[in-house]
Number of protein chains: 2
Amino acid sequence: MRKETSSNALNEKEINSSCGMGYALSLIGGRWKSNILWRLILDGKMRYNELRKAIPGISERMLVAQLRELEADRLVLRIVYPEVPPRVEYELTALGQSMRPMLQSISDWGEAHRKTVEDEGGLGK
Amino acid sequence: MRKETSSNALNEKEINSSCGMGYALSLIGGRWKSNILWRLILDGKMRYNELRKAIPGISERMLVAQLRELEADRLVLRIVYPEVPPRVEYELTALGQSMRPMLQSISDWGEAHRKTVEDEGGLGK
DNA sequence: CAGCATCCAGGAGGATACTG
DNA sequence: CAGTATCCTCCTGGATGCTG
């Protein structure tokens, strides 16, 4: 009855949303992306293992996967130094840097209202 | 209160993230939340069926589910008129309204850079 | 009209072992 | 050190039918 919105399952940037919001959220969505981006914003260039330690709970598999997606979305640059032992650093691209205000406003809202919620107490979930 | 990250799957607001960002994203994350919120921001109070029509592709099940979550998160107010036939309207709470700047900045970034990406064309993926 | 119930598929994410 | 490769679980979201 209802025609498929685009193709069938929209995978990533295909998200419709009312606006570019869906696109933006598809880039920073998921459990880890925003965390990784934020770390790179705060600390600048970071090595693989530094990121692992900086993001508690993330598995190797997830970290790599998310980094690869961020790279494909050109938010993050992956720099491989042909050395032994191997060294790989990750860094925000200009596009990634441009997310800072947006991420900041998200962070701000979250900080402000997480407190509010906790303050008002029981939301009895 | 807070379960250890290593325990299992953190469900919602339990997301760690580096800051409140995870909290905020847990509220607007998923495929529909931002869309619904945006509609309510633009159009104000809306009935269930109005929302359905305004958001192409969403199923009843999803719309209700997402609305209930938004309600539980106190972003949306559900107003039931005890009439026949039933009438239910959804409206942003003050908390929901407070998301507008944040959503706007997300939307702005998305609009700006979705164009950029398409403009630069081949990203070879 | 505004849902709820049920069933189902797919993908996100997790644990662990292995490798160049 | 910086990943791959497998396997598995659970959540998200889709389709459809029924109800007060």
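Below, read A as the first sequence line, B as the second, and so on, with proteins coming before strands; counting in each chain starts at 1. Since this is a predicted model, take the numbers as computed values, not measurements.
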>> Once side chain to side chain contact (heavy atoms under 4.5 Å, CB included) is applied, do any residues pair with A/Q97, and if so which ones, sequence neighbours excluded?
In response: A/L92

> Which pairs with one or both residues in residues 48-90 of chain B pass ring pair (Phe, Tyr, Trp, His ring centres under 6.0 Å), sequence neighbours excluded?
Replying inline: none

>> According to side-chain hydrogen bond (donor to acceptor under 3.5 Å, both in side chains), who are the partners of A/R52, at least two apart in sequence or on a separate chain?
In response: A/E60

Using atom names, set out every protein N or O paired with an N or O of nucleotides 17-20 of chain C below 3.5 Å, distance rounded to 0.1 Å.
from	atom 1	to	atom 2	distance (Å)
C/dA17	N6	A/E60	OE1	3.2

>> Using a heavy-atom cut-off of 4.0 Å across all strands, would you classify A/Y90 as base, sugar-phosphate, or nothing?
In response: sugar-phosphate

> Is the shortest side-chain N/O distance from A/R47 to OP1 or OP2 of D/dA2 below 4.0 Å?
Replying inline: yes

> Counting just side-chain N and O atoms, does A/R68 come under 4.0 Å of either OP1 or OP2 of D/dA2?
Replying inline: no

> Is there a donor and acceptor pair closer than 3.5 Å between the side chain of A/R61 and the base of C/dG13?
Replying inline: yes

>> Checking A/E91 now: which residues fulfil side-chain hydrogen bond (donor to acceptor under 3.5 Å, both in side chains) with it, not counting sequence neighbours?
In response: none

> When you check the phosphate oxygens OP1 and OP2 of D/dA2, does a side-chain N or O of A/R78 lie under 4.0 Å from one of them?
Replying inline: no

> side-chain hydrogen bond (donor to acceptor under 3.5 Å, both in side chains) with A/E50: which residues, sequence neighbours excluded?
Replying inline: none

> Would you say a side-chain N or O of B/Q66 is under 4.0 Å from OP1 or OP2 of D/dG13?
Replying inline: yes

